[in-house]
Visitor: 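Sharing a structure below in structure tokens format, with a few things to ask.
Throughout, a chain's letter reflects where its sequence line sits, starting with A, and its residues are numbered from 1. Keep in mind that the numbers below use all heavy atoms, side chains included, and drop hydrogens, waters and symmetry copies.
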2 protein chains.
Amino acid sequence: MDVTEFLSPKEWLGRSAGPRYVQLRRRLEEGISSGVLPPNSSLPPEREIAELTELSRVTVRKAIQELVRQGAIEQRQGSGSFVRAPVEKVEQSLSHLTSFTEDMKRRGKDTTSKWLERGVFMPSPDEVVALGLAAGDSVSRIYRLREAGGQPMALERASLPLDILPNPTEVTTSLYAVLERNGLRPVRAVQKISAINLEPVEAELLGVAEGTAGLSIQRTSYLETGRVAELTRSIYRGDAYDFVAELRLSS
Amino acid sequence: MDVTEFLSPKEWLGRSAGPRYVQLRRRLEEGISSGVLPPNSSLPPEREIAELTELSRVTVRKAIQELVRQGAIEQRQGSGSFVRAPVEKVEQSLSHLTSFTEDMKRRGKDTTSKWLERGVFMPSPDEVVALGLAAGDSVSRIYRLREAGGQPMALERASLPLDILPNPTEVTTSLYAVLERNGLRPVRAVQKISAINLEPVEAELLGVAEGTAGLSIQRTSYLETGRVAELTRSIYRGDAYDFVAELRLSS
DNA sequence: CAGTGGTCTAGACCACTTG
DNA sequence: AAGTGGTCTAGACCACTGA
């Protein structure tokens, strides 16, 4: 069936089935799941949908906006609106401390990093407390966008005491590999997971719509000696990640 | 400072600081964090804000909508728009298998459940597979909205084989307490956590805006014998929960 | 009943992409 | 330059709340 015909309002637009933008959104969802609107195909221009459906463009935009928020559709100004290909989910263990790079390699995906910040800085108050720094100590920071299999997956912002990572530019792929070479790989970590709606900047870096659900993870890692080695604040794409944990009766 | 005066556009509405709805949203955020708009106070009516700011009502609504989505403001049709009181976050362990009821009691919060479904049903294909049911077996289902300290916290949908929970209406507060009485308390569980944007129905039950980030948790629990005791699919409020896990180097 | 938010329209101009 | 999405307006009617 043709998209134009599929959106022709005779078939589906009723008067007592809720707001029209909801009806249009549902129609578009059907189109996507039924294959009339396959992944990566483009929607008709908003103005054309408005004409076809006999709705105003504002109403059409409201319907599409909801789908953009859900991650089903991507809009590019000046270009058009496109059906997004669904993403394959990746599972990550919540009981084993693993390296992103090593983890993805085991899954047969190659990883790349886009550097957003990498160097030695004056610590923020948060960092002083979490890393147990003395007055005047500096921190090494690495902030990057991590990609796997060509897809952006997570924003990772790590801070380490300068003596644990004296030369942050030495890190090219795996941070843990660099630490291990110096005999300073963390053996234990505590992490806190929560759900957030992505801010515009984060969403853009991760290639999803503003407001999409993401996982915010704050992790503190410890060396064998018990010293804090690393404070990491990451944001993972909610549509690309499942975190898996095994629980036992209070031991 | 008076709200009316605070929103008077002379002070903040410029021409080259991005879209006007973004500028208004930021101004309202400032008002909330600075105390000009305290928790539970009401905003001026949309029409009045439009007049004050010399913006159209559509633009005002767009600014407010974003704040509603973030959970900062609540709108009630026919009544008004109100600043929401921030929620205190609760932390939950990801390594100990605990009961919601017991967990909250330890924190000094009383829990209540609103029952959405409770009884014996024909299993869905998902349930047959996850619980290892035989053809013709039924399942006990309990589906409830869990509240703690007067705040809705999570939607919990549990399915159990009929012989493990023969009488689902027997569950009034703690499911695990009922199982324990029969010597069938799970000792181990595997759970999968991901972030989702809440659907309208879920959002309404949890008292937050549609599209707010939430945590979707699917858990399979096992008895000491290794048998599957329970399949639980829950949705937690992202703004009310932190999940905490301890990780160790691959053991 | 008056006042509030919820939906909807027709039309305009701007900002960006693409041939 | 043409076509797309992004922003914005003024005004209308509906649905719900609360005094």
Visitor: Taking A/D103 for its side chain and A/S93 for its backbone only, find out whether a donor-acceptor pair lies under 3.5 Å.
Guide: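 No: the side chain of A/D103 does not pair with the backbone of A/S93.
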Visitor: Other residues, nucleotides and ligands only: do more than 12 of their heavy atoms fall within 6.0 Å of CD on A/E51?
Guide: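 Incorrect, the count does not exceed 12.
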Visitor: Under the side-chain contact (heavy atoms from CB on, under 4.5 Å) rule, what do A/F6 and A/L52 come out as? Steps first, then yes or no, please.
Guide: CA-CA 10 Å; A/F6 181 77; A/L52 277 169; over 6 Å; no
Visitor: Check side chain to side chain donor-acceptor pair (under 3.5 Å) between A/T169 and all other residues, then give those that pass, not counting sequence neighbours.
Guide: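 A/T169 satisfies side chain to side chain donor-acceptor pair (under 3.5 Å) with A/N167 only.
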Visitor: With a 3.5 Å cut-off and no angle check, do the side chains of B/D2 and B/T4 form a donor-acceptor pair?
Guide: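 Their side chains do contain a donor-acceptor pair, which is all the 3.5 Å distance test asks for.
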Visitor: Are A/K109 and A/E88 within salt-bridge range, i.e. N to O under 4.0 Å?
Guide: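 Yes, this pair counts.
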Visitor: Is any side-chain N of the basic residue among B/R26 and B/E66 closer than 4.0 Å to the acidic one's carboxylate O?
Guide: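 Looking at B/R26 and B/E66, the cut-off is not met.
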Visitor: For the helix from C/dC1-D/dG18 to C/dT18-D/dA1, what angle separates the axis at the start from the axis at the finish, each from five pairs, in steps of 10°?
Guide: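 The angle separating the two end axes equals 10°.
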Visitor: If you assign each of A/R47 and A/Y21 to its closest nucleotide in DNA chain C, which residue comes earlier from the 5' end?
Guide: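 Checking each residue's closest nucleotide, the 5'-ward one belongs to A/Y21.
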Visitor: Using a heavy-atom cut-off of 4.0 Å to chain B, what are the terminal contacting nucleotides of DNA chain C, in 5' to 3' order?
Guide: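 Extent of the interface on DNA chain C: C/dG3 to C/dT7.
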Visitor: Just do the side-chain contact (heavy atoms from CB on, under 4.5 Å) check on B/T232 and B/I217 with the steps written out, would you?
Guide: CA-CA 8 Å; B/T232 309; B/I217 298 196; over 6 Å; no
Visitor: What nitrogen or oxygen pairs link the protein and nucleotides 16-19 of chain D at under 3.5 Å?
Guide:
residue: D/dC16; atom: O4'; partner: B/Q77; partner atom: OE1; Å: 3.1

Visitor: With rounding to the nearest 0.5 Å, note down the distance linking CG in A/L215 to CG in A/L198.
Guide: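 Between atom CG of A/L215 and atom CG of A/L198 there are 9.5 Å.
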Visitor: Apply side-chain contact (heavy atoms from CB on, under 4.5 Å) to B/L55 and B/L24, showing your working.
Guide: CA-CA 10 Å; B/L55 297 171; B/L24 174 56; 4.1 Å; yes
Visitor: Test A/R233 against every option in A/E156, A/R219, A/K192, A/Q218 by the side-chain contact (heavy atoms from CB on, under 4.5 Å) rule and name the one that passes.
Guide: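 The side-chain contact (heavy atoms from CB on, under 4.5 Å) with A/R233 is passed solely by A/Q218 among A/E156, A/R219, A/K192, A/Q218.
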Visitor: Side chains of residues 33-48 of chain A: which donor-acceptor partners sit under 3.5 Å, not counting sequence neighbours?
Guide:
residue: A/S33; atom: OG; partner: A/E29; partner atom: O; Å: 3.2
residue: A/S33; atom: OG; partner: A/E30; partner atom: O; Å: 3.3
residue: A/S34; atom: OG; partner: A/E30; partner atom: O; Å: 2.9
residue: A/S34; atom: OG; partner: A/G31; partner atom: O; Å: 3.4
residue: A/S41; atom: OG; partner: A/P38; partner atom: O; Å: 2.6
residue: A/E46; atom: OE1; partner: A/R57; partner atom: NE; Å: 2.9
residue: A/E46; atom: OE1; partner: A/R57; partner atom: NH2; Å: 3.1
residue: A/E46; atom: OE1; partner: A/R61; partner atom: NH1; Å: 3.3
residue: A/E46; atom: OE2; partner: A/R61; partner atom: NH1; Å: 3.0
residue: A/E46; atom: OE2; partner: A/Q75; partner atom: NE2; Å: 3.1

Visitor: Does any residue of residues 56-66 of chain A have a heavy atom under 4.0 Å from DNA chain D, and if so, which ones, in number order?
Guide: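 A/R57, A/R61 - these, ordered by number, are the residues of the stretch whose heavy atoms sit under 4.0 Å from the strand.
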Visitor: Under 4.0 Å, heavy atoms only, any strand: does A/R20 hit a base, just the sugar-phosphate, or nothing?
Guide: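 Since only primed, P, OP1 and OP2 atoms lie under 4.0 Å of A/R20, the category is sugar-phosphate.
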Visitor: I need the minimum non-hydrogen distance between A/L175 and A/A158, along with the two atoms involved.
Guide: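 Looking at all heavy atoms of both residues, the closest pair is CD2-CB, 4.3 Å.
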